[in-house]
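Report on the following structure.
Convention: sequence-line order gives letters A, B, ...; per-chain numbering from 1. The model shown is predicted, which means the values in this text are computed figures rather than measured ones.
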Amino acid sequence: MIDKTLQNFDISKFQANLINWYHANKRDLPWRKDQDPYKVWVSEIMLQQTKVDTVIPYFQRFITKYPTLQDLADADQQDVLKTWEGLGYYSRARNLQNAVREVVSAYGSKVPANPKDLGALKGVGPYTKGAILSIAFNQPEPAVDGNVMRVLSRVLKIEDDIAQPKVKKDFERYTKNIISDDDPSAFNQGIMELGALVCTPKSPMCMLCPVQEQCRAFEDGVEQKLPIKSKAKKQKTIPYVALLIRNEKNEYIIEKRSETGLLANMWQFPMVPIDEIGMDHIENWVDMEYGIQVDLGNNLGKLKHVFSHIIWQLDIIEATTESEKVIDKRVKLVDKNRLADYPFPVSHQKMMKYMREE
DNA sequence: AAGGCGGGGCC
DNA sequence: GGCCCAGCCTT
């Protein structure tokens with residue numbers, strides 16, 4: 001039983017061309033030095049929605065710091081977030097550590113090599129599950145990501161909207177039918193590598209493509225129009241006054257964000273949602289929120305920070321306080337030179353550049 | 001099915 | 001500015 005889409009598609013030739021090309025052209029990446037399931041796992045989590053060039057230094061530092069499952073399981077979550085700082089999508093780090101602890105306690109520190117147990121781990125979805133099973137355990141499981149959908153939408157000339165969940169399932173079905181049983185690792189990585197290096201979103205280099213002969217989009221001259229993808233809706237801008245509050249000892253007020261939602265468990269400088277509070281009630285709000293009295297100072301500048309779904313517009317204002325202690329568990333007065341011990345989102349790292357020197 | 005969830009690099 | 005990136009989770 002085979003999909004209509006795959007009729008007249010030369011699967012063996014596609015596999016051979018792709019895999020030969022991959023072995024000859026694959027990049028020398030740090031997570032390709034061995035097949036350690038733990039390292040494959042870490043790399044796949046980091047690579048979610050993140051480019052290879054961005055991941056490389058993070059992967060190196062992470063593995064140096066946590067060489068084994070046990071090391072990561074034993075680590076402090078704040079320490080893990082600090083190591084992840086700047087990489088984004090911080091729930092990946094929290095879920096990874098939770099899942100690693102699960103593997104240590106429930107599976108004797110062996111990454112489960114079957115779809116059911118592996119896919120049940122926190123943060124391991126359909127793609128990551130297939131990637132680990134194929135790359136670390138050489139099992140012929142599909143690993144469909146954006147690259148795979150782009151490459152296959154062109155090769156098979158599929159004009160469905162790849163933003164729709166059901167369409168991704170179609171691609172998983174196609175991949176099950178065309179994946180190589182001899183070298184599923186090279187097959188999956190080969191399609192992704194092809195998507196990253198040749199079959200790129202814009203201006204694909206079809207003249208260099210090992211499967212050009214099998215590509216229906218190229219044959220019809222429509223490769224630039226594929227894949228079809230519906231547009232994401234625009235982000236809403238939220239204005240804040242962000243406060244750099246210091247005392248005479250050059251300590252700054254920081255707070256730990258909620259343990260759920262945006263930037264969970266990361267630290268930040270106080271942010272006043274100005275649409276709700278109003279410019280005239282900032283000191284009052286700070287008193288209510290943190291139990292400290294402040295004097296507002298100069299306006300230091302503006303920062304715009306773009307997320308996937310919202311935009312922060314930050315007005316940075318300096319302030320002073322005479323407090324030397326705070327009560328709240330999630331709020332701290334921290335010496336300027338110790339701020340680097342805490343995980344901050346990039347937006348607030350940028351704020352630190354506005355702090356006065358002394 | 002749709003929306004929340006980061007950040008950087010490209011055009 | 002918009003788009004894309006080796007996606008997953010929650011609702």
Side-chain angles (χ1 to χ4, degrees), chain A residues 22 26-27 29 31-32 40-59 81 84-96 98-99 118-132 134-136 142-151 161-169 171-172 175 185 187-197 199-204 227-238 257-258 260-266 268 303-312 343-350:
Chain A
Y22 175 69
K26 66 176 176 183
R27 289 168 289 181
L29 300 173
W31 45 89
R32 286 181 177 161
V40 171
W41 184 5
V42 170
S43 73
E44 291 303 337
I45 299 297
M46 287 187 170
L47 285 163
Q48 290 170 7
Q49 298 291 287
T50 313
K51 289 201 157 65
V52 165
D53 289 342
T54 303
V55 167
I56 291 173
Y58 280 92
F59 178 82
L81 285 175
W84 207 271
E85 181 183 74
L87 195 54
Y89 285 142
Y90 299 95
S91 66
R92 292 184 295 177
R94 294 183 287 114
N95 287 338
L96 173 61
N98 288 341
L118 191 56
L121 296 171
K122 274 289 185 190
V124 179
Y127 163 76
T128 305
K129 175 177 60 177
I132 295 172
S134 60
I135 298 170
V144 174
D145 70 337
N147 284 310
V148 174
M149 286 197 284
R150 183 173 59 258
V151 171
D161 180 4
I162 64 167
Q164 294 180 357
K166 68 177 166 75
V167 173
K168 188 185 172 191
K169 294 198 170 215
F171 280 101
E172 285 168 351
T175 307
S185 173
F187 182 91
N188 279 343
Q189 295 191 79
I191 295 198
M192 293 189 277
E193 196 80 342
L194 189 64
L197 300 181
C199 195
T200 47
K202 289 167 192 172
S203 317
I228 309 288
K229 189 177 182 183
S230 55
K231 308 193 189 309
K233 72 171 193 180
K234 220 172 75 175
Q235 309 102 312
K236 187 181 292 183
T237 298
I238 309 175
R257 292 179 59 88
S258 156
T260 60
L262 182 63
L263 303 168
N265 284 348
M266 302 288 282
Q268 68 177 18
L303 271 180
K304 182 174 143 177
H305 194 79
V306 180
F307 296 92
S308 318
H309 59 304
I310 53 173
I311 298 172
W312 279 357
F344 283 88
V346 168
S347 50
H348 285 252
Q349 293 179 46
K350 290 177 184 166

(request) Please tell me which of the listed nucleotides, C:dC4, C:dG2, C:dA6, lies nearest to the side chain of A:Lys51? (result) C:dC4

(request) With DNA chain B as reference, determine whether A:Pro165 or A:Ala264 sits nearer its 5' end, using the nearest nucleotide of each. (result) A:Pro165

(message) In whole Å, I'd like the distance from the CG atom of A:Leu262 to the P atom of C:dT10.
(response) 16 Å

(message) Base, sugar-phosphate or nothing for A:Arg150? Non-hydrogen atoms, less than 4.0 Å.
(response) sugar-phosphate

(request) Could you tell me whether the phosphate oxygens of B:dG3, OP1 or OP2, come under 4.0 Å of any side-chain nitrogen or oxygen in A:His309? (result) no

(message) Mind checking if A:Ser91 touches a base, just sugar-phosphate, or nothing, with heavy atoms under 4.0 Å?
(response) nothing

(message) Among C:dA6, C:dC4, C:dG2, which nucleotide has an atom closest to any side-chain atom of A:Tyr127?
(response) C:dA6

(message) Pairing donors with acceptors under 3.5 angstrom, does anything connect the side chains of A:Tyr89 and A:Ser308?
(response) yes

(message) Between the base of B:dG6 and the side chain of A:Ser308, is there a donor and acceptor pair under 3.5 angstrom?
(response) yes

(request) Look up atom NE2 in A:His348 and atom CG in A:Leu303, then write down how far apart they are to the nearest 0.5 Å. (result) 9.0 Å

(request) Could you measure between the two C1' atoms, the one in B:dA1 and the one in C:dC5, and give it in whole Å? (result) 22 Å

(request) Between A:Gly195 and A:Ala232, name the one whose nearest nucleotide on DNA chain C is closer to the 5' end. (result) A:Ala232

(message) Restricting to non-hydrogen atoms, name the atom on A:Ser347 and the atom on A:Trp312 that form the minimum distance, rounded to 0.1 Å.
(response) OG-CZ3, 3.5 Å

(request) Name the closest nucleotide to the A:Glu193 side chain, picking from C:dC4, B:dG6, C:dA6. (result) C:dA6

(request) Find which nucleotide of DNA chain B each of A:Gln48 and A:Val167 is nearest to by heavy atoms, and output the residue with the more 5' nucleotide. (result) A:Val167

(message) Tell me whether A:Gln235 contacts the main-chain N or O of A:Phe307 through its side chain, where contact means a donor paired with an acceptor under 3.5 Å.
(response) yes

(request) Rounded off to whole Å, could you give me the CH2-to-P distance for the A:Trp84 and C:dC8 pair? (result) 13 Å

(message) So A:Ser347, base contact, sugar-phosphate only, or nothing? Heavy-atom distance under 4.0 Å.
(response) nothing

(request) Please work out if A:Gly261 contacts a base, only the sugar-phosphate, or nothing of the nucleic acid, heavy-atom cut-off 4.0 Å. (result) sugar-phosphate

(message) Rounding to an integer number of Å, can you tell me how far A:Asp145 CG sits from C:dC4 P?
(response) 14 Å

(message) Is the phosphate of C:dT10 approached by A:Lys122 (side-chain N or O, under 4.0 Å from OP1 or OP2)?
(response) yes

(message) Is the phosphate of C:dG1 approached by A:Lys304 (side-chain N or O, under 4.0 Å from OP1 or OP2)?
(response) yes

(message) Using whole Å, what does the distance between atom C1' of nucleotide B:dG7 and atom CG of A:Asp53 come to?
(response) 14 Å

(request) Could you work out the separation of B:dG7 and C:dT10 based on their C1' atoms and round it to a whole Å? (result) 22 Å

(request) Could you check whether A:Arg257 gets within reach of a base, just the sugar-phosphate, or nothing at all, counting any heavy atom under 4.0 Å? (result) nothing

(request) State, with a plain yes or no, whether a side-chain heavy atom of A:Ile56 is found less than 4.5 Å away from one of A:Leu29. (result) yes

(request) Looking at every strand, decide which applies to A:Val124 at a 4.0 Å heavy-atom threshold: base, sugar-phosphate, or nothing. (result) sugar-phosphate

(message) Does any part of the side chain of A:Lys26, heavy atoms only, come nearer than 4.5 Å to the side chain of A:Gln189, both counted from C-beta?
(response) no

(request) Take the protein atom CE of A:Met149 and the nucleotide atom C1' of C:dC3, then report the distance between them rounded to whole Å. (result) 15 Å

(message) If you compare every side-chain N and O of A:His305 against the phosphate oxygens of B:dG7 (OP1, OP2), does one of them come in below 4.0 Å?
(response) yes

(message) Distance check needed: C:dC9 P versus A:Lys168 NZ, whole Å only.
(response) 10 Å

(request) Provide the distance between the two P atoms, one in B:dC11 and one in C:dA6, to the nearest whole Å. (result) 16 Å

(message) What contact category does A:Leu87 fall into here, base, sugar-phosphate, or nothing, at under 4.0 angstrom with non-hydrogen atoms?
(response) base

(request) Under 4.0 Å between any heavy atoms, over every strand shown, what does A:Thr54 touch: base, sugar-phosphate, or nothing? Just pick one. (result) nothing

(request) Looking at every strand, decide which applies to A:Phe307 at a 4.0 Å heavy-atom threshold: base, sugar-phosphate, or nothing. (result) sugar-phosphate

(request) Measure the distance from CG on A:Leu96 to C1' on C:dC9 and round it to the nearest whole Å. (result) 15 Å

(message) Taking only the C1' atom of each, what is the distance from C:dC4 to B:dG6 in whole angstrom?
(response) 14 Å

(request) Would you mind classifying the nucleic acid contact of A:Trp31 as base, sugar-phosphate or nothing, using non-hydrogen atoms under 4.0 angstrom? (result) base

(request) Kindly point out which of B:dG4, C:dC4, C:dG7 is positioned nearest to the side chain of A:Tyr89? (result) C:dG7

(request) Just call it for A:Lys129: base, sugar-phosphate, or nothing, with non-hydrogen atoms closer than 4.0 Å on any strand. (result) nothing

(message) Any side-chain N or O of A:Gln49 below 4.0 angstrom from OP1/OP2 of C:dC5?
(response) no

(request) For residues A:Ile45 and A:Arg92, report the shortest heavy-atom separation together with the two atoms involved. (result) O-NH1, 3.1 Å

(request) Could you check which of C:dA6, C:dC5, C:dC3 has an atom nearest any side-chain atom of A:Lys231? (result) C:dC3

(message) Any non-hydrogen side-chain atom of A:Glu44 less than 4.5 Å from a side-chain atom of A:Tyr127?
(response) yes

(message) Output the rounded distance in Å from CD (A:Glu172) to P (C:dG7).
(response) 13 Å

